[in-house]
Undergrad: 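Sharing a structure here in structure tokens format.
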Amino acid sequence: MRTPNAADAGGIDRLIAERRSKLAAIRARGVDPFPTAYPGREEIGAVREANEPLAADESSEEAVRVAGRITGRRGQGKVVFMDLADRSGKIQLWASIDRLDEERLAALSDLDLGDIIGAEGPVTRTRRGELSVAVDDFTLLSKTLRPPPDKHHGLKDPELRYARRYLDLMANDDARTLFITRAKAISAVRRYLDDRGFVEVETPVLQPLYGGAAARPFVTHHNTLDRNFYLRIATELYLKRCIIGGLERVYELGKDFRNEGVSFKHNPEFTMLETYEAYADYRDVMDMLEEMVRAAAAEATGSASVPWGEEEIDFGARWKRLPFAEALTEESGIDIRERTDEDDLRQAMRDAGYEAGDTTIWPKLVDSLLTQALEPRLIQPTILYDYPLSLSPFAKRTPDDPEMTERFEAFAGGMEIANAFTELNDPDDQRARFEMAAQELAAGDDEAQPHDEDFLIALEHGMPPTGGLGLGIDRLAMLLTNRASIREVVLFPARRD
RNA sequence: GGGCCGUUAGCUCAGCUGGUAGAGCAGGGGACUCUUAAUCCCAAGGUCACAGGUUCGAUCCCUGUACGGCCCA
């Protein structure tokens, strides 16, 4: 219950009390402030478009019904102007004593900013040239009890924008546009894959064993089964089971969960696309990735070339393709092919001025060097290919160098956006990789792959040669909307208490 | 992980290295029949993030904590 003196208090309590007393007055008049529907309404954008030719003082012959949120109000005594906004746009309502009786006009004036109403009447253009609905009738559709954000400045406080994203969407056109762009990119990706005969599948989020990426998992408990499950860190090992079963081309687009730090490019849950294509290798996947991202950029933004800070990222041009180790040597002066001992590599990194940390794990050092020396410079779409075996436990060895794998990562905007390889389908080699990982686990690498016997059994039944891909959808969304933080492109990002 | 910056009314922001805080919008009362960030008049609205410290006195100086932003790693 509210405190009796809420109306006397300052701040938000007073504003809420004011709206609640209006709500009570509306109910006292016998009006339902939360009716069930508003049939026959048209989108404001369509109404605007259809009536654009109207001249000043001219009216449409037929009445329209529009509905949305009141975003502005300009009183003028016996005339009231309001702005009504729905998803498609905004239109002015023009209510005057000439069309509504005094009581109805007062009821309309008494509505608050943010209230959701329906209005009916002919479309007209005012003397000042503003396309408007001349209100013959209106219906309160939802009474709001809290004030909306500032009508002119919008909502800027990032804490509030993320914690109460609905206010961000309500107040900031940019925010709505951004999430529509993101949705367009995702449906473009789906359409691309569907058109090429890929089957969209759904594999478990709750997995008895995690795998397919180097990350620490979330653990949860099933009460009835009385056992723990891991939230998936990747879909890889299940999608390969689908390939083994003969689905030949599969993809899954959904959330993965990684129990790691939060940063401008990491959210603990994030959206990942994984695709697997039988009888393809990583070069086929490179071509597919380029084409798919190009299509997504074009469909979501209208252009394959998008602004990125001060620069322009061109997904339309053919992407640069560089051998990983050579590119890294070129940029850092350190050749990881000659620094195969972790102490040696760490020293070389320190000598060259890079942060090496205290990790004793060679692949982590390599990854750290990549992150520091090369990744931030890869603004234009770039593919680095052929990665050391120890960084790639599920990738097939290259034919000419058994210590390297047919793996590539794609970068843009200084971020890794995709990871792909010719999948390892030799079950004995895969078993050997798990054994290597077991040693890494024992040596303290908590991101090493746990042994997965069930997956090995699946591989022993035979997997065709296969090209696989993982594409980070949130990072793609960042690139397509020119946002520097993943929190901007995830509707409800993870927050501290 | 480190550094820097921020947190003041519902929202957007001012506030002079110290004397108990101000605007616009929103909200309330009033005027107004073509406004559009409507305008005009009146009144109201504050745990200056939180906890300590210094001081006669702290929004302001110091320390710590929380949350957030940016940069570096």
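The chains referred to below are lettered A, B, ... by the order of the sequence lines, with proteins before strands, and numbering in each begins at 1.
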Undergrad: Give the nucleotide from the list B:U36, B:G69, B:A73 with an atom nearest to the side chain of A:Q92.
TA: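 Between B:U36, B:G69, B:A73, the one nearest the side chain of A:Q92 would be B:U36.
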Undergrad: Using the C1' atoms only, state how far B:G69 lies from B:U36, rounded to an integer number of Å.
TA: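 Each nucleotide's C1' atom is 35 Å from the other's.
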Undergrad: Counting neighbours of CD on A:E49 that are heavy atoms of other residues, nucleotides or ligands and sit closer than 6.0 Å, is the number greater than 12?
TA: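 No - once you tally the heavy atoms of other residues, nucleotides and ligands closer than 6.0 Å, there are 12 at most.
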Undergrad: Check the distance between B:A26's C1' and A:I16's CD1 and give it to me in whole angstrom.
TA: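 In whole Å, B:A26 C1' and A:I16 CD1 are 13 Å from each other.
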Undergrad: Does A:F394 reach the side chain of A:R433, with side-chain heavy atoms less than 4.5 Å apart?
TA: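 No. Closest side-chain heavy atoms not under 4.5 Å.
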Undergrad: Taking the six-membered ring of A:F81 (Phe, Tyr or Trp), confirm whether the NZ or CZ of A:R73 is under 6.0 Å from its centre and within 45° of its axis.
TA: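 No, cation not above the ring by the 6.0 Å, 45° rule.
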Undergrad: Considering only the C1' atoms, how many Å lie between B:U33 and B:G28, rounded to the nearest integer?
TA: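 Nearest-Å result for B:U33 against B:G28 at atom C1': 24 Å.
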Undergrad: With the side chain of A:K156 defined as its heavy atoms from C-beta on, choose the nearest nucleotide among B:C11, B:U33, B:U12.
TA: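 The nucleotide sitting nearest to the side chain is B:U12.
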Undergrad: Please classify B:U7 as syn or anti, treating any glycosidic angle within 90° of 0 as syn.
TA: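 It is anti.
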Undergrad: Given the P atoms of B:C40 and B:G24, what is the spacing between them in whole Å?
TA: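 Looking at atom P only, B:C40 and B:G24 are 10 Å apart.
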Undergrad: Identify which nucleotide among B:G27, B:U12, B:A38 has an atom closest to any side-chain atom of A:L113, counting heavy atoms from C-beta outward.
TA: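 It is B:G27.
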Undergrad: Looking at A:E52, I'd like to know if its CD atom is crowded, meaning that more than 12 non-hydrogen atoms belonging to other residues, nucleotides or ligands lie closer than 6.0 Å.
TA: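 Atom CD in A:E52 is packed in, count exceeds 12.
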Undergrad: Between B:C34, B:C11, B:G27, which one does the side chain of A:D112 approach most closely?
TA: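 Side chain of A:D112 sits closest to B:G27.
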Undergrad: Which sits closer to the 5' end of RNA chain B, A:V79 or A:G154, going by the nucleotide each is nearest to?
TA: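 The residue whose closest nucleotide sits nearer the 5' end is A:G154.
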Undergrad: Separation of A:D157 atom CG from B:G10 atom P, in whole Å?
TA: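 After rounding, the reported distance stands at 13 Å.
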Undergrad: Just N and O in the side chain of A:R73: are any of them under 4.0 Å from OP1 or OP2 of B:G27?
TA: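 It does, given that an N or O in the side chain of A:R73 lies less than 4.0 Å from OP1 or OP2 of B:G27.
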Undergrad: Between A:S485 and A:F264, which is nearer to the 5' end of RNA chain B once each is assigned its nearest nucleotide?
TA: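 Closest to the 5' end, via its nearest nucleotide, is A:S485.
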Undergrad: By the 4.0 Å heavy-atom rule, please label A:L160 as base, sugar-phosphate, or nothing.
TA: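 It contacts sugar-phosphate atoms only.
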Undergrad: Between A:R165 and A:P493, is any pair of side-chain heavy atoms under 4.5 Å apart?
TA: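 Counting from C-beta outward, A:R165 and A:P493 do come under 4.5 Å.
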Undergrad: Under 4.0 Å between a side-chain N/O of A:K22 and OP1 or OP2 of B:G28, yes or no?
TA: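 For B:G28, OP1/OP2 do have a side-chain N/O of A:K22 under 4.0 Å.
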Undergrad: Once you round it to whole Å, what is the distance between C1' of B:C67 and CZ of A:R161?
TA: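 Interatomic distance, CZ of A:R161 to C1' of B:C67: 16 Å.
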Undergrad: Are A:F324 and A:Y387 an aromatic pair, judged by ring center distance below 6.0 Å?
TA: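 Here the rings of A:F324 and A:Y387 have centres that are less than 6.0 Å from each other.
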Undergrad: Provide, to the nearest angstrom, the distance between the CZ atom belonging to A:R164 and the P atom belonging to B:C11.
TA: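 Spelled out: CZ on A:R164 to P on B:C11 is 9 Å.
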Undergrad: Side chain of A:L15 only, please: which of B:A26, B:C11, B:C34 is the nearest?
TA: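 Nearest nucleotide to the side chain: B:A26.
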Undergrad: Taking syn as any angle within 90 degrees of 0 and anti as the rest, which one fits B:U17?
TA: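 This nucleotide is in syn.
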Undergrad: Out of B:G10, B:U35, B:A37, which has the shortest distance to the side chain of A:R128?
TA: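 The answer is B:U35, which lies nearest to the side chain.
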Undergrad: Nearest to the A:D98 side chain among B:C34, B:U33, B:U12, which nucleotide is it?
TA: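 Output: B:U33.
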Undergrad: Taking atom P in both B:U65 and B:C4, compute the distance separating them and give it to the nearest angstrom.
TA: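 Looking at atom P only, B:U65 and B:C4 are 14 Å apart.
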Undergrad: Provide, to the nearest angstrom, the distance between the CG atom belonging to A:D83 and the P atom belonging to B:A26.
TA: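 Distance check: A:D83 CG to B:A26 P gives 12 Å.
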Undergrad: Quote, to the nearest angstrom, the P distance that separates B:C60 from B:G6.
TA: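 Those two atoms are separated by 13 Å.
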Undergrad: Side-chain N or O of A:Q76 less than 4.0 angstrom from OP1 or OP2 on B:C32?
TA: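 Answer is no, no contact under 4.0 Å.
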Undergrad: Kindly indicate whether the side chain of A:D86, heavy atoms from C-beta on, has any atom under 4.5 Å from the side chain of A:E43.
TA: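 The answer is yes, as the side chains (C-beta and beyond) meet within the 4.5 Å cut-off.
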Undergrad: May I ask you to evaluate whether A:R127 reaches the phosphate of B:C34, defined as a side-chain N or O under 4.0 Å from OP1 or OP2?
TA: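 No.
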Undergrad: Please report, rounded to the nearest Å, how far the C1' atom of B:U47 is from the CG atom of A:D13.
TA: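 So the CG-C1' distance, A:D13 to B:U47, works out to 14 Å.
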Undergrad: Just to be sure I follow the notation: if a pair is Watson-Crick (purine N1 to pyrimidine N3 plus N6-O4 or O6-N4) or a G-U wobble (N1-O2 and O6-N3), each under 3.5 Å, what dot-bracket string does RNA chain B give, with | for pairs to another strand?
TA: (((((((..((((.....[..))))..((((.......))))......(((((..]....)))))))))))).
Undergrad: Please determine if a side-chain N or O atom of A:K151 lies less than 4.0 Å away from the OP1 or OP2 oxygen of B:A38.
TA: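 The answer is yes; a side-chain N or O of A:K151 sits under 4.0 Å from OP1 or OP2.
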Undergrad: State whether A:R14 places a side-chain N or O below 4.0 Å from either non-bridging phosphate oxygen (OP1 or OP2) of B:G45.
TA: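 A:R14 to B:G45 OP1/OP2: no side-chain N or O under 4.0 Å.
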Undergrad: Between B:U8 and B:A49, how far apart are the two P atoms, rounded to whole Å?
TA: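 The same atom, P, in both gives a distance of 6 Å.
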Undergrad: Is the positively charged end of A:R104 above the ring of A:F138, judged by distance under 6.0 angstrom from the centroid and angle within 45° of the axis?
TA: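 Yes, A:R104 sits over the ring of A:F138.
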Undergrad: Which is true for A:E130 with a 4.0 Å heavy-atom rule: it touches a base, it touches only sugar-phosphate, or it touches nothing?
TA: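 The answer is base, as A:E130 lies within the cut-off (heavy atoms under 4.0 Å) of a base atom.
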Undergrad: Would you please name every residue forming a side-chain hydrogen bond (donor to acceptor under 3.5 Å, both in side chains) with A:E269, sequence neighbours left out?
TA: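 For A:E269 the side-chain hydrogen bond (donor to acceptor under 3.5 Å, both in side chains) partners, ignoring immediate neighbours, are A:K255.
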Undergrad: Please report the distance separating the P of B:G45 from the corresponding atom of B:A23, rounded so that it comes out in whole Å.
TA: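 Looking at atom P only, B:G45 and B:A23 are 12 Å apart.
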Undergrad: Give a yes/no on whether any side-chain N or O of A:R487 is located under 4.0 angstrom from OP1 or OP2 of B:G69.
TA: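 Yes, such a contact exists.
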Undergrad: Restricting to side chain to side chain contact (heavy atoms under 4.5 Å, CB included), what partner residues turn up for A:I116, sequence neighbours left out?
TA: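 Result, side chain to side chain contact (heavy atoms under 4.5 Å, CB included) vs A:I116: A:R69, A:L141, A:S142.
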Undergrad: Take atom CD of A:E159 and atom P of B:A49, then tell me their distance rounded to the nearest Å.
TA: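 These atoms are roughly 13 Å apart.
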Undergrad: Can you check the A:D110 CG to B:G27 P distance for me, whole Å?
TA: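 One finds 11 Å between P of B:G27 and CG of A:D110, rounded.
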Undergrad: For nucleotides B:G3 and B:G15, find the distance between their C1' atoms and express it as a whole number of Å.
TA: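 Nearest-Å result for B:G3 against B:G15 at atom C1': 28 Å.
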